[in-house]
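One-based numbering along the sequence shown. Start at 1 and go down the list; that is how both ligands and their atoms are numbered.
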Amino acid sequence: MSFTHIGLLCSGGDSPGMNCAIRAVVRTAIYNGIKVTGIKRGYAGLLRGEFMPMNLSSVGNIIQRGGTILQTSRCPEWMKKEFRAKAVDIMKHQGIEALIIIGGDGSFNGAKALWDEHHFPVVGIPGTIDNDISGTEYTIGFDTAVQTAIEAIDRIRDTAHSHARTFLVEVMGRNSSAIALKVGVCTGAENILLPHDKVNHQKLSDDIQRGMARGKDSSIIVVAEGPTAGRSYDIQHVLKDMFHLDAHVAILGHIQRGGSPTANDRFIASQMGNMAVQSLIDNKFPTVTVVRSGKVLMAPLTECIMKADHNFLEFQKLAETLSI
Ligand code: ADP
């Protein structure tokens with residue numbers, strides 16, 4: 001089948017670099033004579049018929065902008081079969097023959113349902129700062145989020161050093177260790193607490209005191225937010241109450257989600273957007289654009305619908321060794 005009209009949406013959490021992928025999809029499609037309809041606010045917008053015709057200039061001057069010009073959403077209705085059937089009717093009525101979805105594993109599960117139930121052609125592009133999708137070494141936005149956190153921690157380190165302070169710096173990552181580990185290694189953090197680690201306060205206190213004893217002027221503990229954002233405050237209280245240690249808390253929060261994408265994110269997103277359209281032209285679907293051994297490739301959707309925390313755990317030992 002050769003496609004003449006495709007739909008494009010972002011779903012789930014936004015990430016810097018999504019705009020680069022949108023631009024690459026639109027430009028590659030138009031280059032190949034394929035019409036693109038942008039769908040605003042993800043699956044929810046699709047169900048409401050929020051369509052936006054895309055042309056070459058609608059993606060002009062967006063490559064450097066964080067967030068997504070199409071906006072995104074979470075859509076509880078999409079979990080129900082009847083709403084997905086309604087979406088297929090809406091797309092058919094609009095003339096949309098295939099759908100490209102930029103999002104995380106949840107969004108890919110939504111895409112898989114569309115394929116399984118209706119054989120509606122779908123291609124996924126992994127966009128999440130967490131770098132936690134199975135089947136790919138990389139997801140769009142991770143590099144920018146890490147860079148933002150590193151810049152923030154470098155600033156915190158300046159003041160921590162001047163006042164000889166300990167800081168608990170909380171970074172994003174509910175289930176994913178990737179941001180915490182990469183940021184921890186790159187900022188020379190004295191300790192890194194991963195999302196599902198049970199905090200060993202005794203060890204944390206021993207490490208901080210050992211650092212002080214050998215003349216360290218500051219300690220940075222990188223804390224992945226884990227299932228409950230703000231857990232750094234609990235750790236702060238235990239350090240104070242049980243070990244008489246004063247630690248300051250800095251929660252980086254959503255600043256890690258925004259901002260201009262790095263060169264790495266722009267480059268990978270541009271390749272992925274291009275390849276997603278190519279996959280449809282080649283009649284390869286349902287698929288996801290992935291990075292494997294550093295190269296951008298297509299993979300079957302079924303290999304990419306799970307959350308996975310494997311990408312960075314191999315660096316845990318490196319972080320421990322370098323922080324003694
Ligand atoms: P992300 O794509 O970033 O992982 P979510 O997990 O919030 O974000 O998923 C985004 C949207 O994808 C959900 O709001 C829902 O509409 C859809 N979705 C998630 N999981 C499923 C599923 N198992 N089946 C169908 N749709 C799903």
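- Between D14 and R257 there is a salt bridge, since a side-chain N of the basic residue sits under 4.0 Å from a carboxylate O of the acidic one.
- Look at K92 and D89 and you find no salt bridge, because none of the NZ, NE, NH1 or NH2 atoms lies under 4.0 Å from a carboxylate O.
- Nearest to atom 25 (C) of ligand 1 by heavy atom, out of G110, G42, S107, is G110.
- At least one heavy atom of D105 lies less than 4.0 angstrom from ligand 1.
- Protein heavy atom at the shortest distance from atom 5 (P) of ligand 1 is R74 NE, 3.9 Å.
- Nearest protein heavy-atom contact of atom 19 (C) of ligand 1 is G106 O, 3.0 Å.
- In the displayed structure, F243 atom CZ is contacted under 6.0 Å by more than 12 heavy atoms of other residues, nucleotides or ligands.
- Residue C75 touches ligand 1 through backbone and side chain together, judged by heavy-atom distances below 4.0 Å.
- Taking any N or O of G104, backbone or side chain, at least one lies under 3.5 Å from an N or O belonging to ligand 1.
- The pair E82-K80 does not count as a salt bridge, with every side-chain nitrogen at least 4.0 angstrom from each carboxylate oxygen.
- Salt-bridge check for K203 with D207: passed, with a basic side-chain N closer than 4.0 Å to an acidic carboxylate O.
- Salt bridge status for E117 with R84: present, with a side-chain N to carboxylate O gap under 4.0 Å.
- Remark: minimum distance from atom 23 (N) of ligand 1 to any protein heavy atom is reached at N109 CB, 3.6 Å.
- Within the structure, the closest approach of G13 to ligand 1 falls below 4.0 Å when heavy atoms are considered.
- Between Y43 and ligand 1, no pair of N/O atoms sits closer than 3.5 Å.
- Below 30°, between 30° and 60°, or above 60°: for Y43 and W78 the angle between ring planes is below 30°, a parallel geometry.
- In this structure, atom 8 (O) of ligand 1 lies nearest to the protein heavy atom G12 CA, 3.5 Å.
- Of the protein's non-hydrogen atoms, S11 OG, 3.7 Å is the one closest to atom 11 (C) of ligand 1.
- Applying the salt bridge (Lys or Arg N to Asp or Glu O under 4.0 Å) rule to K216 yields the partners E190; only residues at least two apart in sequence or on another chain are considered.
- In this structure, of M79, E77, K112, the residue bringing a heavy atom nearest to atom 21 (C) of ligand 1 is M79.
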